[in-house]
A.B. asks: 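Pasting a structure below so you can have a look.
Just so you know, ligand 1 is whichever comes first in the structure, and atom 1 is the first atom listed for that ligand.
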Amino acid sequence: MYPNYKEAVSADIFNYINKASAALALESYVIGGFVRDFFLDRKSGAKDIDILCIGNGIALAKKVASLLPQKPKVQVFKTYGTAMLRFGDLEVEFVGARKESYSENSRNPEVSAGTLQEDQNRRDFTINALAISLNESDFGTLLDPFDGMSDMEKGIIKTPSNPDITYSDDPLRMMRAIRFATQLNFTIEQNSLKAITKNASRLAIITRERIVEELHKILLSDKPSIGLRLLEETNLLEQILPELIALKGVEEEAGQTHKDNFYHTLEVVDNMAKVSDNLWLRWAALLHDIGKEPTKKFDKKLGWTFHGHEFKGSKMVYKIFKRLKMPLNEKMKYVQKIVLLSSRPVVLADAVTDSAIRRLIFDAGDDLDDLMLHCEADITTKNAKRFKKYHNNFKLVRQKIAEVEARDHIRNFQPPISGELIMQTFNLKPCREIGTLKEAIKEAILEGKIKNDYDEAYQFMLDKAASLSLKK
Ligand code: ATP
Ligand code: MG
């Protein structure tokens, strides 16, 4: 009744699984993401293979490993009843078919052994329930009980059974639905979308790590705004990043309005996705304006202002990472830095001075190129003239950076005079004056009063020390 899908299972590994299954007299299937991604011609899923068998998955994995010439190690996950082995760059996971029943407060169901059909019933989406037989009698036959193939053609995310129950049982599926819609540029079917909105508050039972994992995948998609909009529409975003929801809306005062910084942010993230795969630069784009809500003021002379929003925003980055249980490491500091410096090149675009450029190079260090990418992605004006003007300004800033760099070598700036030298020269023990002198030398270099070299810095140090009444 189904066409032959042998091509999907033409790789060597499937023949070994076929033989191992026959030897153990059990049925096996390749199921889920691998099958979906094969038909969608997505390379990403092709390395991650899920094998379902009617029986003991761990035993099947061991049998396959024993037949393979490489005799790979089998990693057993007893709690889940699964096992994994590597074959070349493939990661093959084995599991016995099961059926599930859920309780109110957990996304982890009671499981018991089941049939293929029962296992397909518990899958999250029709396009994720596709299985291809690896059995002798019908090797390469597609088993598609929910017409996932047609949903794949139409580009639809749909649950195999009642969406209300599906999402309520395991609310992580709400995040997965939106993530797949974003990655595949698919539409979430209306009843599903309604059910997600209805069950949004059940996200509370999902660990933050799992939520962030999906968020990363959304951000790493070609057009992250698809997912971010869906998260907003379904009231999920409010629970994950309320700081972004706070940017929604336009206020008017004395006839003056400001832009809607939520939709602006979505555009910036999309712009960034076009030019960089760096997940953390995309996070910076997502969070670059979060300081605007708490700093927003209306001034009769200046209009709407957001003074210090970059500083405020960079502090908020820490709180968000902490709340979402994301690692508080150098990645977080990088996001903070981009947010903190996000307006600096903009200011420069109007009046470029060498010293301001030197300061920017010094403060941004190795992340300067990323910062410039961010600034360019931040241009979302619909006015073609302005769009061009802003881009040209940044071109000028980039040019100036290159010139100053070539001349002054400020990036990864190492002060030409060390603290030790200052201590030796003036016979000092650790004290405040050392810091004062070092800072004065750095300032003089960044201001362009002296060159970034030893001789000029040494002389400057002597002069400055004299003014502090330090003696050699
Ligand atoms: P990707 O590997 O890109 O994340 P995937 O669909 O392969 O996509 P996995 O998490 O690897 O996702 O899961 C493999 C399969 O297991 C899915 O295709 C789906 O059939 C099933 N699955 C995963 N998570 C769930 C879930 N929360 N509820 C129901 N079925 C799920
Ligand atoms: Mg997978």
Side-chain angles (χ1 to χ4, degrees), residues 8 28-53 57 77 80-84 86 89-103 106-111 114 116-132 142-149 151-152 157-186 188 192 195-196 199 202-203 205-207 209-222 227 236:
S28 65
Y29 304 86
V30 54
I31 193 159
F34 176 87
V35 183
R36 177 198 67 222
D37 288 345
F38 177 83
F39 292 117
L40 291 174
D41 209 13
R42 287 176 88 221
K43 304 278 175 292
S44 55
K47 291 185 169 26
D48 192 3
I49 302 179
D50 291 308
I51 302 296
L52 181 79
C53 69
F77 307 96
Y80 302 104
T82 66
M84 194 270 282
R86 285 175 210 280
D89 57 355
L90 301 175
E91 223 173 70
V92 195
E93 185 148 345
F94 297 81
V95 61
R98 58 195 212 191
K99 54 174 184 254
E100 296 181 335
S101 60
Y102 283 85
S103 63
S106 163
R107 63 170 291 259
N108 300 316
E110 297 254 343
V111 297
L116 168 68
Q117 177 80 45
E118 279 166 338
D119 196 286
Q120 284 174 306
N121 286 343
R122 72 171 184 87
R123 304 265 158 183
D124 48 5
F125 307 115
T126 60
I127 61 167
N128 280 352
L130 302 165
I132 294 180
L142 179 72
L143 300 141
D144 178 13
F146 312 111
D147 215 2
M149 282 303 253
D151 287 341
M152 208 132 59
I157 307 285
K158 193 169 143 191
T159 57
S161 44
N162 184 338
D164 203 20
I165 297 167
T166 306
Y167 293 115
S168 174
D169 275 351
D170 176 2
L172 181 66
R173 292 168 181 160
M174 304 191 287
M175 293 296 298
R176 283 173 58 88
I178 292 175
R179 183 257 287 192
F180 284 121
T182 317
Q183 285 181 324
L184 308 176
N185 198 6
F186 276 24
I188 300 177
S192 243
I196 295 176
N199 286 286
R202 288 202 38 85
L203 194 68
I205 68 163
I206 303 298
T207 65
E209 288 86 345
R210 298 304 292 263
I211 294 173
V212 168
E213 206 179 303
E214 298 300 327
L215 210 49
H216 283 340
K217 288 183 180 175
I218 290 170
L219 280 175
L220 283 171
S221 306
D222 290 343
L236 288 168

A.B. asks: Output the list of atoms in ligand 1 that are nearer than 4.0 Å to some heavy atom of R36, sorted by atom number.
C.D. replies: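 So the answer, numbered in order with elements, is 3 (O), 5 (P), 6 (O), 8 (O).
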A.B. asks: With heavy atoms only and a cut-off of under 4.0 Å, state how D37 meets ligand 1: side chain, backbone, both or neither.
C.D. replies: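 The answer is neither; D37 stays 4.0 Å or more away.
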A.B. asks: Any donor and acceptor pair, going by atom type alone, linking the side chain of T126 with main-chain N or O of G148 inside 3.5 Å?
C.D. replies: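 Not confirmed, T126 side chain does not pair with G148 backbone.
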A.B. asks: Counting from 1, what ligand 1 atoms have a heavy atom of K217 closer than 4.0 Å?
C.D. replies: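 Result: 4 (O).
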A.B. asks: Is it the case that Y102 and S168 place a side-chain donor and acceptor less than 3.5 Å from each other?
C.D. replies: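 The answer is no; no qualifying pair exists.
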A.B. asks: Report yes or no: does R173 contribute a side-chain atom to a donor-acceptor pair with the main-chain N or O of T166 at less than 3.5 Å?
C.D. replies: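 Present.
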A.B. asks: Who are the salt bridge (Lys or Arg N to Asp or Glu O under 4.0 Å) partners of D151, not counting sequence neighbours?
C.D. replies: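 Here no residue qualifies.
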A.B. asks: What do we get for Y167 next to ligand 1 when only non-hydrogen atoms under 4.0 Å count, side chain, backbone, both or neither?
C.D. replies: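 Neither; no heavy atom under 4.0 Å.
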A.B. asks: Which of these, K47, R176, Q183, M174, has its nearest heavy atom closest to atom 10 (O) of ligand 1?
C.D. replies: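 The nearest heavy atom belongs to R176.
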A.B. asks: Between T159 and Y167, is a side-chain hydrogen bond (donor to acceptor under 3.5 Å, both in side chains) present by the stated rule, with each step listed?
C.D. replies: CA-CA 9 Å; T159 57; Y167 293 115; 5.4 Å; no
A.B. asks: Could you pull out all residues at least two apart from I165 that satisfy side-chain contact (heavy atoms from CB on, under 4.5 Å)?
C.D. replies: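 Here the qualifying residues are N162, D169.
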A.B. asks: Could you tell me which N, O or S atom of D48 is nearest to the Mg ion (ligand 2)?
C.D. replies: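 Nearest N/O/S atom: OD2.
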A.B. asks: Taking 4.0 angstrom as the limit and counting only heavy atoms of R122, give me the atoms of ligand 1 inside it, by number and element.
C.D. replies: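 Those qualifying, in numeric order: 29 (C), 30 (N).
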A.B. asks: Any chance the side chains of R123 and N128 put a donor and an acceptor closer than 3.5 Å?
C.D. replies: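 On atom types as modelled, these side chains do not qualify, holding no pair under 3.5 Å.
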A.B. asks: Report the part of D50 in contact with ligand 1, treating N, CA, C, O as backbone and CB onward as side chain, heavy atoms under 4.0 Å; options are side chain, backbone, both, neither.
C.D. replies: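 For D50, only side-chain atoms sit under 4.0 Å from ligand 1.
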A.B. asks: Can you classify the ring geometry of F125 versus F180 as parallel (below 30°), tilted (30 to 60°) or perpendicular (above 60°)?
C.D. replies: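 If you compare the ring of F125 with that of F180, the planes turn out perpendicular.
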A.B. asks: So, the side chain of E110 versus the backbone of S101: is there a donor-acceptor pair under 3.5 Å, distance only?
C.D. replies: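 Such a contact is absent between E110 side chain and S101 backbone.
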A.B. asks: Atoms of ligand 1 less than 4.0 Å from G32 heavy atoms?
C.D. replies: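 Listed by number with element, the hits are 18 (O).
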A.B. asks: Which ligand 1 atoms does R107 reach within 4.0 Å, using its non-hydrogen atoms?
C.D. replies: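 Under 4.0 Å from R107, ligand 1 has these atoms: 27 (N).
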A.B. asks: Is D170 close enough to touch ligand 1? Criterion: a residue heavy atom under 4.0 Å from a ligand atom.
C.D. replies: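 Yes, that is the case, since the closest heavy atom of the residue is under 4.0 Å from the ligand.
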A.B. asks: Which of the numbered atoms in ligand 1 are below 4.0 angstrom from a heavy atom of D48?
C.D. replies: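 Reading through ligand 1 atom by atom, the close ones are 2 (O).
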A.B. asks: Say whether, by atom type as modelled, one donor and one acceptor occur between the side chain of S221 and the main chain of K217 under 3.5 angstrom.
C.D. replies: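 Side chain of S221 to backbone of K217: a pair is present.
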A.B. asks: Below 4.0 angstrom from a heavy atom of R179, which ligand 1 atoms are there? Numbered from 1 as shown, please.
C.D. replies: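 What qualifies from ligand 1 is 1 (P), 3 (O), 4 (O), 8 (O).
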A.B. asks: Pull out every atom of ligand 1 sitting under 4.0 Å from any heavy atom of F180, numbered as shown with elements.
C.D. replies: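 Matching atoms, with element in brackets: 6 (O), 8 (O).
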A.B. asks: Closest by any non-hydrogen atom to atom 29 (C) of ligand 1: pick that one out of L52, D124, N128.
C.D. replies: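 The residue whose heavy atom sits nearest atom 29 (C) of ligand 1 is D124.
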A.B. asks: Nearest non-hydrogen atom to atom 7 (O) of ligand 1 belongs to which of P109, G148, G33?
C.D. replies: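 Minimum heavy-atom distance to atom 7 (O) of ligand 1 goes to G33.
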